There are 2 protein chains.
Amino acid sequence: MDTKKIFIVDDHVLFARSLAGLVNTFPNYQVIETFNNGAELVDALSSGITEPSLILLDIKMPIMDGIATMKWLKKYHPFVKVLALSMEDDEQTILAMLRNGAKGYLLKDTQPDLLMLAMDSVIQQGYFHTELVTNVLMHSLHEKQTLEQEFALKENEITFIKLACEEKTYKEIADEMNLSPKTIDGYRQQLFDKLNIKNRTGLVIFALKNKIIEI
Amino acid sequence: MDTKKIFIVDDHVLFARSLAGLVNTFPNYQVIETFNNGAELVDALSSGITEPSLILLDIKMPIMDGIATMKWLKKYHPFVKVLALSMEDDEQTILAMLRNGAKGYLLKDTQPDLLMLAMDSVIQQGYFHTELVTNVLMHSLHEKQTLEQEFALKENEITFIKLACEEKTYKEIADEMNLSPKTIDGYRQQLFDKLNIKNRTGLVIFALKNKIIEI
DNA sequence: ATTTTACACAGGGTTTTTCCTATTTTTTTT
DNA sequence: AAAAAAAATAGGAAAAACCCTGTGTAAAAT
């Protein structure tokens with residue numbers, strides 16, 4: 001029972017093969033299966049194959065990509081450990097993987113010994129995070145003005161949005177901002193157009209996404 | 001200009017003093033001022049004292065605690081670097097500090113050499129995070145069911161909440177859930193009561209807080 | 001077997017939100 | 001100072017959200 005069973009999911013056959021070779025040189029690790037995309041993995045798991053100790057999961061794949069695969073795993077195999085292995089180092093992708101339960105995130109140009117360390121760490125401690133990931137996590141706490149800039153919100157609009165995210169009526173907001181309810185309604189309408197939303201819940205989501213408010 | 005100027009903010013005089021002594025033994029570090037609480041720091045910075053290279057900030061303090069101090073600093077001195085130094089290791093506190101811009105978070109029983117490493121790291125790389133902090137960050141991505149449990153939401157209620165957070169009308173939600181609009185209105189009302197909210201925006205915020213939806 | 005309890009649903013009314021289309025006022029530009 | 005642009009404001013109305021109370025039915029508890 002000492003040997004850790006590994007699945008590899010990656011559409012680059014060559015890479016998958018050589019990675020399998022590498023992993024097999026690690027003591028106590030054995031690659032049991034390789035799949036070319038998420039769908040193949042899902043099929044296999046659905047048809048009752050035993051969960052591995054760890055899945056090495058590529059992100060950019062045809063058919064069913066890493067994020068979709070993670071979402072499926074989260075739902076149907078929430079306890080299987082996954083180490084994301086990818087070329088992309090963009091924040092959104094990394095966060096999406098982590099949010100959906102990836103235990104670690106490595107770039108594909110990682111050194112073999114770091115990969116082994118990461119695999120050990122995920123299996124033993126449940127996670128492994130490089131500085132890259134830590135940075136992304138930290139940054140995601142702050143970022144702020146991303147799209148906010150794009151929409152060029154005015155001071156009053158931001159104030160309005162903030163208040164609209166509290167459980168206030170537009171009348172109350174008008175009072176608080178010392179403006180006519182009709183003006184507030186004007187703000188509302190302009191924002192709905194500009195942000196392409198249909199009602200106040202859309203406004204709340206927008207505010208959250210753009211860190212205009214915090215929860 | 002090689003010598004880094006340090007402020008210490010801590011209400012435990014004895015600790016502050018000995019910490020100052022310790023820091024002064026580090027090469028290129030000098031403690032310029034110590035304050036007994038956040039308010040004193042704010043006073044000093046407001047009256048024009050030069051920003052230090054780094055502030056070592058305690059969290060639990062009378063008068064103005066670490067979190068309040070961070071909020072103030074975030075607003076008026078957003079670029080000053082702060083290393084939180086604290087006894088508390090609870091998730092909420094750590095997150096609150098990070099969210100408000102702390103560059104690192106150390107427990108007070110940290111070894112001196114780790115403290116020095118952390119200080120170096122914050123000044124040079126802008127941050128320093130221990131495993132503790134990484135764990136908290138990761139956990140904060142997932143946690144889920146915290147209060148959700150407390151309110152014992154039923155499956156249908158959760159579905160309703162999810163849909164209500166999209167920009168759908170209650171009529172549309174009713175259709176999608178194959179229920180009468182009146183039933184949906186019943187869910188709405190019960191949830192408003194149970195969660196103590198006044199309108200749909202409250203529902204969205206609740207859903208986010210409790211990770212019923214993700215943004 | 002009977003009472004509770006839980007759930008889906010209804011009637012009907014008030015308030016708020018949302019939408020569309022102007023007009024006035026203020027600010028900026030020329 | 002006149003013209004143009006931006007911001008505040010209005011009227012009016014339909015739609016949706018919100019609120020309260022009550023009924024039938026099926027499941028659960030006693």
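Just so you know, these numbers come straight off a predicted model, no measurement behind them. Chain A is the first sequence line, chain B the second, and so forth, proteins listed ahead of strands; every chain is numbered from 1.
When the P atom of dA8(D) is taken as reference, atom CD1 of Ile173(A) falls 15 Å away, rounded to whole Å. One can place CD of Glu167(A) at 16 Å from C1' of dT17(C), the figure rounded to the nearest angstrom. Nucleotide dA6(D) holds its P atom 19 Å from the CG atom of Leu179(A), rounded to whole Å. Going from atom CZ of Phe160(B) over to atom P of dA17(D) covers 9 Å, rounded to whole Å. Here dT18(C) presents its P atom at 13 Å from CD1 of Ile184(A), a figure rounded to the nearest Å. Nucleotide dA16(D) holds its P atom 8 Å from the CD atom of Glu172(B), rounded to whole Å. In this structure, Lys182(B) atom NZ and dC18(D) atom P are separated by 13 Å, rounded to whole Å. Atom C1' of nucleotide dA15(D) and atom NZ of Lys168(B) are separated by 19 Å, given to the nearest angstrom.
With hydrogens and angles left out, the side chain of Asp185(B) and the base of dC9(C) share no donor-acceptor pair within 3.5 Å.
Base engagement by Arg188(B) is indicated by at least one non-hydrogen atom pair under 4.0 Å involving a base atom. In this structure, Asn199(B) reaches the sugar-phosphate backbone alone: every heavy-atom distance under 4.0 Å involves primed, P, OP1 or OP2 atoms, never a base.
When distances run from any side-chain atom of Phe192(B) to the nucleotides dT21(C), dC19(D), dC7(C), the shortest one goes to dC19(D). Comparing dC19(D), dA10(D), dA8(C) against the side chain of Asn156(B) picks out dA8(C) as the nearest. For Tyr187(B), the side-chain atoms get nearest to dA8(C) when compared with the rest of dG12(D), dT17(C), dA8(C). Of the candidates dC19(D), dT17(C), dT9(D), dT17(C) carries the atom nearest the Thr169(A) side chain, counting heavy atoms from C-beta on.
Within the 4.5 Å cutoff, no side-chain heavy atoms of Ile67(B) are placed close to those of Trp72(B). Between Leu115(B) and Leu106(B), some side-chain heavy-atom pair lies under the 4.5 Å cut-off.
Partner assigned to dT30(C) is dA1(D), using Watson-Crick or G-U wobble distances below 3.5 angstrom.
Between Leu85(B) atom CG and Leu83(B) atom CG the span is 6.0 Å, to the nearest 0.5 Å. The CD1 atom of Ile8(B) lies 11.5 Å from the CG atom of Asn36(B); values are rounded to the nearest 0.5 Å.
Phosphate proximity of dT18(C) to Arg200(A): absent, as no side-chain N or O sits under 4.0 Å from OP1 or OP2. Within the 4.0 Å cut-off from OP1 or OP2 of dA7(D), not a single side-chain nitrogen or oxygen of Thr183(A) is found.
With no hydrogens or angles considered, no side-chain donor-acceptor pair links Tyr170(A) and Asp185(A) at under 3.5 Å.
When each of Tyr170(B) and Gly186(A) is assigned the nucleotide of DNA chain D bearing its nearest heavy atom, the one mapping closer to the 5' terminus is Gly186(A).
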